[in-house]
Colleague: 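This structure is in structure tokens; I'll ask about it shortly.
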Amino acid sequence: MMKVLVLGVGAQGSAAARRLDEEPEVNEIVCADYDAKAVESLVAQLKKGRGVQVDAHNLESIIKAAEGVDLIINGLPLECTENVLEAALAVKAHYQDYAGTISLYEKWLNSEERKEHPEEPDVENLGTLNWYRSLCAMYYIYGPKFEKINRLCLFGTGSAPGLICAATKKSMRYLDSCETIYNFVWEGVTAKRFQPFWWSPVTALTDMSEMAIAVEDGKLINTPAFGNDLARKFVENDEPIVFREHSHDEPLQYFFNKDTHFKGLKNAYFKYAGAGMDFAKPMYEAGLLSHEPEMFEGREIIPFKFILDHIPPAPKYREEIQEIIDEGLALDSGCMVIEAYGKKDGKDILVETHVNAPGFVESFERAGMTAEMYLTGQGGYLFSKLFLDGSFGGMSGVISSDMITQQQVDKYFEYAAELGITLDTEVKEL
């Protein structure tokens, strides 16, 4: 039996907690957040839930909530990552994070471990470089610490990164060598009301305020935000969709693991499309996503914060979602597609994988949540399920979601199928 702490009960954490509540291997779910109302609302829906208010910027507050737990699931903002990692080490718990982290770069710069890994990518954007440094801290500082307590730290475990990384890893079994990976995501759900984002607006706009990240010729690089348009007509969309470059975890994770897990990968891209991108692109071009202070009519403002203050939060309560459905959706669609190019038996091969999942209305009918909550929350829950069923037995240290084994990938998608999340894979000779 396992006791689980879910830190952060927003879209991701609340969806995972509901699934964990049905698991016979779980005897208690500690739901923790600074938002006491959100905690109370979630616990009222659970049989095994217990609520606690936590200040995630205070390490002792997290440790107190985590006493006696076997697994900590982190769905908090990225700046809280270090505190949650330290709490997991303090209570000797496994650790799962829906995201990666961008907040450990100073720890890396001041570490002894950096001397053993001095190489750094030659990228234009400081944010990208600090993100790279933060992952170095995860692998090389925290990896040995989790090994020492015989616990596993797994990060990047939502839908993207997470589910898409597991699907990308699965495509490697069809190739002898891999040249290029494209991860395509189209957020095709559009409400009739103003609702540009179905997940954290601050996370979404932060990503969109940065230069994009890609891997080219084996090197981590920056590309223009919202640039390098690539049109695709997939079965999920009636007309070609224009996908654009985006700052996201996948190329960075694949870069670290290009030789060990992706068969000599040379190029990797995350391509994104949808209402959120269409909303943010002109603001970025107008400078309205800048984090730099500027004067406006005699007052100093930060454009990014000004814009963010006018964006509605992602809906997470059942009654909010029901209102959106009652108003009618302008579009209820989307796609998640992986293209992996490489060679098999000397022939040029494309492995094309489509992720099938419930849409907005079906997600609400199944679980009372949005499609984003469903896919991300369930994607995260499925990694938790691998902790519960012992699939990670004997593993310790730090890994990202693209580093799970092929056997774990198969188990992951076996469980996913029970939730209506399946893969269609076609291997094409070019």
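All residue numbers refer to positions in the sequence shown, counting from 1. No experiment lies behind these values; they were computed from the predicted model shown.
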Colleague: Determine whether S384 and V4 make a side-chain contact, defined as any pair of heavy atoms from C-beta on separated by less than 4.5 Å.
Modeller: no
Colleague: Holding to salt bridge (charged side-chain N to carboxylate O under 4.0 Å, His left out), I want the full list of residues that pass it with E320, two or more places apart in sequence or in another chain.
Modeller: none
Colleague: Taking CD in E297 as the centre, count heavy atoms belonging to other residues, nucleotides or ligands within less than 6.0 Å. Is the count above 12?
Modeller: no
Colleague: Has the side chain of H246 got a donor or acceptor atom that lies under 3.5 Å from a matching backbone atom of F270?
Modeller: no
Colleague: For a quick test of reading the model, state the closest non-hydrogen atom pair linking A87 to L59 and the distance between them.
Modeller: N-CD1, 3.7 Å
Colleague: Would a distance-only check, ignoring hydrogens and angles, find a side-chain to backbone donor-acceptor pair under 3.5 Å from S41 to A38?
Modeller: no
Colleague: Does a salt bridge link R193 with E323, judged by any charged N lying under 4.0 Å from a carboxylate O?
Modeller: yes
Colleague: Can you find a heavy atom in the side chain of I221 that is under 4.5 Å from one in the side chain of V215?
Modeller: no
Colleague: Can any side-chain N or O of S103 pair as donor or acceptor with the backbone N or O of L78 at less than 3.5 Å?
Modeller: yes
Colleague: Step by step, would you call D348 with Y341 a side-chain hydrogen bond (donor to acceptor under 3.5 Å, both in side chains)?
Modeller: CA-CA 7 Å; D348 291 327; Y341 296 84; over 6 Å; no
Colleague: Provide the full list of ring pair (Phe, Tyr, Trp, His ring centres under 6.0 Å) pairs with a residue in residues 202-236, sequence neighbours left out, each pair given once.
Modeller: F184-F234, F226-Y284, F234-H354
Colleague: Pairs in or reaching into residues 152-175: which pass side chain to side chain donor-acceptor pair (under 3.5 Å), with residues at least two apart or in two chains?
Modeller: Q96-T157, S159-T376, T168-N183, T168-Y254, K169-H261, R173-Q406, R173-D410
Colleague: Just so I know, are the side chains of T353 and V337 near enough to count as touching, which here means a heavy-atom distance under 4.5 Å?
Modeller: no
Colleague: Specify the closest pair of heavy atoms between A66 and I72, including all atoms of both residues, with the distance to one decimal.
Modeller: CB-CD1, 3.9 Å
Colleague: Tell me whether Q53 contacts the main-chain N or O of A32 through its side chain, where contact means a donor paired with an acceptor under 3.5 Å.
Modeller: no
Colleague: Before you tell me yes or no, could you show the steps for F146 and S396 under side-chain contact (heavy atoms from CB on, under 4.5 Å), namely the whole-Å CA-CA distance, both residues' side-chain angles and the distance that decides it to 0.1 Å?
Modeller: CA-CA 6 Å; F146 276 91; S396 62; 5.8 Å; no
Colleague: So which heavy atom on G377 is nearest to which on A15, and how close?
Modeller: CA-CB, 3.6 Å
Colleague: Could you check D326 against Q322 for side-chain hydrogen bond (donor to acceptor under 3.5 Å, both in side chains), going step by step and ending with a plain yes or no?
Modeller: CA-CA 6 Å; D326 290 344; Q322 183 68 68; 2.9 Å; yes
Colleague: Tell me the ring pair (Phe, Tyr, Trp, His ring centres under 6.0 Å) pairs involving residues 113-134, sequence neighbours left out?
Modeller: H117-Y140, Y132-F256
Colleague: May I ask you to decide if N130's main-chain N or O and S134's side chain share a donor-acceptor pair within less than 3.5 Å?
Modeller: yes
Colleague: Does D332 reach the main-chain N or O of V189 with its side chain, forming a donor-acceptor pair under 3.5 Å?
Modeller: no
Colleague: When you measure from the side chain of E327 to the backbone N and O of I324, does any donor-acceptor pair fall under 3.5 Å?
Modeller: no
Colleague: Would you say the side chain of M172 lies within less than 4.5 Å of the side chain of C178, judging by non-hydrogen atoms?
Modeller: yes
Colleague: Check the pair F155, Y142 against ring-ring contact (aromatic ring centres under 6.0 Å, His included), reporting the backbone distance first and the verdict last.
Modeller: CA-CA 12 Å; F155 68 91; Y142 282 99; over 10 Å; no
Colleague: What I'd like to find out is whether the side chain of I73 reaches to under 4.5 Å of the side chain of L20, using heavy atoms alone.
Modeller: yes
Colleague: Output yes when a side-chain donor or acceptor of S200 lies under 3.5 Å from a complementary backbone atom of T203, and no otherwise.
Modeller: yes
Colleague: Would you list the pairs meeting salt bridge (Lys or Arg N to Asp or Glu O under 4.0 Å) in which at least one residue belongs to residues 197-217, sequence neighbours left out?
Modeller: none
Colleague: Quick one: do I421 and V355 satisfy side-chain contact (heavy atoms from CB on, under 4.5 Å)? Show the steps, please.
Modeller: CA-CA 7 Å; I421 300 170; V355 178; 4.2 Å; yes
Colleague: Can you confirm whether more than 12 heavy atoms, excluding those of I102, are under 6.0 Å from its CD1 atom?
Modeller: no
Colleague: Determine the minimum heavy-atom distance between I349 and K344, stating which atoms define it.
Modeller: CG1-CB, 3.7 Å
Colleague: Should V84 and I62 count as side-chain neighbours, where that means a heavy-atom distance under 4.5 Å?
Modeller: yes
Colleague: Check step by step if side-chain hydrogen bond (donor to acceptor under 3.5 Å, both in side chains) holds for Y269 and T223.
Modeller: CA-CA 10 Å; Y269 305 91; T223 61; over 6 Å; no
Colleague: Considering residues at least two apart in sequence or located in another chain, which fulfil the salt bridge (charged side-chain N to carboxylate O under 4.0 Å, His left out) criterion with K115?
Modeller: E112
Colleague: Can you pull the salt bridge (Lys or Arg N to Asp or Glu O under 4.0 Å) pairs that have at least one residue in residues 219-228, sequence neighbours excluded?
Modeller: none
Colleague: Under the side-chain contact (heavy atoms from CB on, under 4.5 Å) rule, what do M283 and I307 come out as? Steps first, then yes or no, please.
Modeller: CA-CA 9 Å; M283 291 196 301; I307 294 296; 3.6 Å; yes
Colleague: Using side-chain heavy atoms (C-beta onward) and a distance below 4.5 Å, is F243 in contact with M277?
Modeller: no
Colleague: Would you indicate whether F296, at its atom CZ, is surrounded by more than 12 heavy atoms from other residues, nucleotides or ligands within a distance under 6.0 Å?
Modeller: no
Colleague: Is it true that D176 and K343 make a salt bridge, defined as a side-chain N closer than 4.0 Å to a carboxylate O?
Modeller: no
Colleague: Do K107 and M138 have side chains that get closer than 4.5 Å, going by heavy atoms?
Modeller: no
Colleague: Is there a donor-acceptor pair closer than 3.5 Å between any side-chain N or O of K233 and the backbone N or O of A231?
Modeller: no
Colleague: Which residue pairs pass the ring pair (Phe, Tyr, Trp, His ring centres under 6.0 Å) test with at least one member in residues 403-430, sequence neighbours excluded?
Modeller: F383-Y412
Colleague: Once side chain to side chain donor-acceptor pair (under 3.5 Å) is applied, what residue pairs with a partner in residues 298-319 remain, sequence neighbours excluded?
Modeller: none
Colleague: Could you tell me which non-hydrogen atom of R232 sits nearest to which non-hydrogen atom of N237, and how far apart they are?
Modeller: O-ND2, 3.4 Å
Colleague: Quick check for you: to the nearest 0.5 Å, what is the distance between L386 atom CG and L154 atom CG?
Modeller: 8.5 Å
Colleague: With K258 as the cation and F262 as the aromatic partner, state whether NZ or CZ is under 6.0 Å from the six-membered ring centre and within 45° of the axis.
Modeller: no
Colleague: Keeping the roles fixed (side chain from S401, backbone from G156), state whether a donor-acceptor pair exists under 3.5 Å.
Modeller: yes
Colleague: Do the charged groups of K411 and D389 touch, with an N to O distance under 4.0 Å?
Modeller: no
Colleague: Mind jotting down which residue pairs meet the salt bridge (Lys or Arg N to Asp or Glu O under 4.0 Å) criterion with at least one end in residues 122-147? Sequence neighbours excluded, please.
Modeller: E120-R133
Colleague: Does any pair with a residue in residues 53-63 pass salt bridge (Lys or Arg N to Asp or Glu O under 4.0 Å), and if so which ones, sequence neighbours excluded?
Modeller: none
Colleague: Do you know the tightest heavy-atom contact between E236 and G334?
Modeller: CB-O, 3.5 Å
Colleague: Take N222 and N125, measure what side-chain hydrogen bond (donor to acceptor under 3.5 Å, both in side chains) needs, and give me the verdict at the end.
Modeller: CA-CA 7 Å; N222 284 124; N125 181 260; 4.9 Å; no
Colleague: Which residue pairs satisfy the ring pair (Phe, Tyr, Trp, His ring centres under 6.0 Å) criterion with at least one member in residues 356-378, sequence neighbours excluded?
Modeller: W198-F360
